[in-house]
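Quantities reported herein were computed from a predicted structural model and do not represent experimental measurements. For ligands, and for the atoms within them, numbers begin at 1 and follow the listed sequence. Count residues from 1 along the sequence. Basis for what follows: all heavy atoms, side chains included, without hydrogens, waters or symmetry-related copies.
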Amino acid sequence: MRTIKTLLVANRGEIALRVMRTAKEMGIKTVAVYSDADRTAPHVLFADEAYFIGPSPSSQSYLKMDELIRVAKASGADAIHPGYGFLSENAEFAELCGSMGIAFVGPNPHAIRVMGDKLSAKQAVKPFGVPLVPGTDTPIDDVAHAKELAQSIGFPILIKAAAGGGGKGMRIVHRLEDFEEQMHLAINEAVSAFGNGSVFMEKYVASPRHIEVQVLADQHGNTVHLFERECSIQRRHQKVIEEAPSVVLSPELRAQMGEAAVRVAQACNYVGAGTVEFIFDASGAFYFLEMNTRLQVEHPVTEMITGVDLVREQLRIAEGHPLSFSQEDLHIHGHAVEIRVYAEDARQNFVPDIGTLQVYKRPQGPGIRVDDGMEQGTTVPIYYDPMIAKLVVHAATRELALARAIRAIDEYVIVGCETTLPFARFVLQHEDFTSGQFDTHFVQNRFNAQRDLAGTTDPHVQEAAGWVAQALIEQSWTPAGAQASEKPKGATVSQPSAWLSQRGMSS
Ligand code: ADP
């Protein structure tokens with residue numbers, strides 16, 4: 001058993017803050033690292049100590065292993081929490097920490113390696129009776145043989161990169177005639193994106209849902225699951241709204257998926273918090289997709305429905321404690337929804353819309369949790385993921401949670417860049433979403449930005465803009481990042497957006 005006294009968080013933004021908050025509650029000293037772009041970021045101000053690690057691009061800062069180890073040594077950190085992204089799924093970094101006598105808060109390098117490659121992951125879990133999508137569990141290289149296999153699996157087929165991630169490196173093939181060309185394109189893409197041309201194929205599951213299961217495993221062989229998260233609302237194969245529990249699982253199916261997830265963890269001697277992703281088809285069958293060997297962005301919805309602080313469990317497991325609860329102790333309480341608030345323009349196919357948060361006012365009240373790493377005056381850095389915040393709500397039922405989420409969206413004021421809030425509001429009110437009849441194609445099939453966002457952003461932004469304008473007039477108050485300007489005496493602002501833009505403030 002070891003005691004973590006000082007924790008270095010090798011990350012930034014909301015996840016660095018989220019991890020440090022729990023560490024502080026546990027009496028652990030917190031150490032932040034920061035790049036040029038993050039000199040005054042909230043995670044830096046929050047930590048007990050903070051160290052500069054380099055220029056803004058992550059390759060020169062947050063991904064620099066030797067620099068992070070240097071800071072760990074200088075600060076006396078006995079553990080490193082990698083958060084998500086960056087080095088969180090890097091087996092070499094986990095190994096390096098181990099060799100320096102620093103606890104890596106995550107699984108062992110072996111588990112990271114096995115699960116980091118979609119093919120080795122399939123091979124590892126197969127003997128454990130985990131259902132796999134019909135397809136190959138070895139790389140395909142011989143075109144003639146691959147075509148035969150594709151025919152026996154049945155079209156459409158998905159060709160995937162073994163090293164793929166973030167929704168990249170996948171190609172759908174509808175007809176045998178297209179197979180060879182698509183296979184070559186997939187290989188080339190895999191080489192250029194991941195430096196590894198290994199590809200394989202899977203049956204393309206029609207109308208799929210993405211449902212994942214949270215697991216926790218200690219160093220003593222105890223593994224439990226903390227139920228599922230429904231993550232089917234995706235754009236570009238990336239999640240934007242998540243909820244727990246899923247509306248489509250019966251208690252029996254939930255137990256089956258949970259048990260399958262536990263077997264996946266056991267197949268690689270997993271230790272720590274991890275997520276087993278499944279694809280769920282229209283007939284109710286589920287198949288293993290992959291395992292993410294880290295804390296997920298969407299972990300708060302699981303925390304809300306189980307009452308378990310996953311970061312606390314991660315740190316306790318890293319210290320060598322056995323899990324303090326068993327499977328039978330875990331229960332689902334109510335319903336939770338997470339909305340990822342991105343600085344993106346949903347009207348322009350979700351391109352990042354970088355700006356300064358001239359006004360930033362979080363929603364509050366019962367059942368609301370906002371995990372963010374920015375505040376009023378922050379300029380969303382161009383170097384990293386453009387996520388501003390995660391808006392998480394919890395309520396007794398799904399219906400109440402959705403109503404609460406809409407209330408929170410309406411209360412959220414962000415002026416300075418476009419955000420995905422109006423898009424999220426559209427999704428939460430859509431009949432197919434409220435009825436639970438949706439799949440991973442929801443955004444593609446149901447969302448038409450010009451039609452569905454017409455008039456939705458504007459009232460919201462207008463209201464915010466009006467609020468700012470009024471404050472400027474009445475209190476002679478200048479929001480952070482804005483240019484101070486003369487006050488119009490006694491003026492009423494009928495067109496607040498125009499009023500603000502004339503003063504160098506976009507709304
Ligand atoms: P990544 O590692 O890039 O996230 P995944 O294997 O987790 O790749 O798949 C990402 C998404 O792609 C899934 O959530 C799902 O929407 C879709 N997908 C993956 N495999 C299939 C499949 N066999 N059939 C249909 N859709 C799939």
Side-chain angles (χ1 to χ4, degrees), residues 84-85 88-90 112-125 130-137 139-140 149-150 153-174 179 182-183 186 189-190 192-196 198-214 228-243 246 248 257 260-261 264 274-294 296-298 340 385 427 438-447:
Y84 54 72
S88 60
E89 292 180 287
N90 188 307
I112 299 178
R113 279 205 178 95
V114 170
M115 292 299 164
D117 179 289
K118 293 184 201 292
L119 281 175
S120 64
K122 279 179 194 263
Q123 287 155 12
V125 306
V130 176
L132 300 176
V133 188
T136 59
D137 53 12
I140 48 169
L149 283 173
I153 295 166
F155 285 90
I157 289 280
L158 195 61
I159 305 183
K160 280 183 163 183
K168 296 191 195 87
M170 287 190 270
R171 286 194 162 258
I172 304 170
V173 192
H174 293 278
F179 189 87
Q182 292 297 324
M183 179 174 150
E189 221 167 74
S192 63
F194 311 108
N196 173 353
S198 172
V199 300
F200 64 100
M201 61 181 147
E202 271 177 5
K203 181 165 185 57
Y204 182 73
V205 177
S207 192
R209 294 175 85 113
H210 175 121
I211 300 180
E212 60 186 31
V213 178
Q214 175 72 52
E228 78 282 0
R229 294 185 285 259
E230 162 75 66
C231 309
S232 300
I233 304 297
Q234 307 180 345
R235 52 113 181 70
R236 295 194 287 270
H237 293 298
Q238 288 171 337
K239 304 158 191 168
V240 271
I241 296 178
E242 301 96 343
E243 60 179 318
S246 165
V248 285
M257 283 180 92
V264 169
T275 294
V276 181
E277 297 190 338
F278 294 101
I279 194 158
F280 186 93
D281 76 14
S283 75
F286 63 90
Y287 308 99
F288 169 71
L289 267 186
E290 64 169 351
M291 180 170 193
N292 289 323
T293 55
R294 55 170 163 84
Q296 302 266 101
V297 175
E298 60 273 22
R340 299 194 192 190
D385 185 78
V427 176
F438 57 91
D439 61 24
T440 59
H441 306 305
F442 177 90
V443 175
Q444 196 185 319
N445 294 343
R446 299 278 178 273
F447 177 61

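- Here the side chain of D117 pairs a donor or acceptor atom with the backbone of L119 at under 3.5 angstrom.
- Protein heavy atom nearest atom 3 (O) of ligand 1, with residue, atom name and distance: G167 N, 2.5 Å.
- The closest approach between M170 and ligand 1 falls below 4.0 Å for a heavy atom of the residue.
- Scanning all protein heavy atoms for the shortest distance to atom 16 (O) of ligand 1 gives Q234 OE1, 3.2 Å.
- Remark: the backbone N or O of I211 is not paired with any side-chain donor or acceptor of E228 at under 3.5 angstrom.
- Between E230 and K239, none of the side-chain N atoms (NZ, or NE/NH1/NH2) sits under 4.0 Å from a carboxylate O, so this pair counts as no salt bridge.
- Backbone and side-chain nitrogen or oxygen atoms of Y204 are examined, and none is located within less than 3.5 angstrom of a nitrogen or oxygen of ligand 1.
- Considering backbone and side-chain N/O atoms, I279 never comes within less than 3.5 Å of an N/O atom of ligand 1.
- In the vicinity of H210, heavy-atom distances shorter than 4.0 Å reach the ligand 1 atoms 13 (C), 14 (O).
- With a 6.0 Å cutoff to the six-membered ring centre and a 45° limit on the axis angle, R446 does not count as a cation-pi contact of F438.
- Set against the non-hydrogen atoms of G164, the atoms of ligand 1 under 4.0 Å away are 2 (O).
- Under the rule for a side chain to side chain donor-acceptor pair (under 3.5 Å), the partners of E189 that lie at least two apart in sequence or sit in another chain are R171.
- Close approach of ligand 1 to E277 (heavy-atom distance below 4.0 Å) involves ligand atoms 7 (O).
- The option from Q238, E202, H237 that lies nearest to atom 11 (C) of ligand 1, judged by heavy atoms, is H237.
- Nearest to atom 21 (C) of ligand 1 among the protein's heavy atoms is L158 CD2, 3.3 Å.
- Under the salt bridge (charged side-chain N to carboxylate O under 4.0 Å, His left out) criterion, E242 pairs with R340, not counting sequence neighbours.
- Ranked by closest heavy atom to atom 7 (O) of ligand 1, the top entry among M201, E290, K118, K203 is E290.
- Of all atoms in ligand 1, listed by their number and element, those nearer than 4.0 Å to a heavy atom of T440 are 16 (O).
- Using a 3.5 Å distance cut-off with no hydrogens or angles, the side chains of D439 and S207 do pair a donor with an acceptor.
- Residue-level proximity to ligand 1 for K160 is carried by the side chain, the only part with a heavy atom below 4.0 angstrom.
- The backbone N or O of V240 sits nowhere less than 3.5 Å from a side-chain atom of Q234 that would complete a donor-acceptor pair.
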Inset, instruction - Could you give me the CA-CA distance, side-chain angles and deciding distance for F278 and F286, then say whether ring pair (Phe, Tyr, Trp, His ring centres under 6.0 Å) is met? - result: CA-CA 6 Å; F278 294 101; F286 63 90; 5.3 Å; yes
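- If you check which protein heavy atom lies closest to atom 24 (N) of ligand 1, you get V205 N, 2.9 Å.
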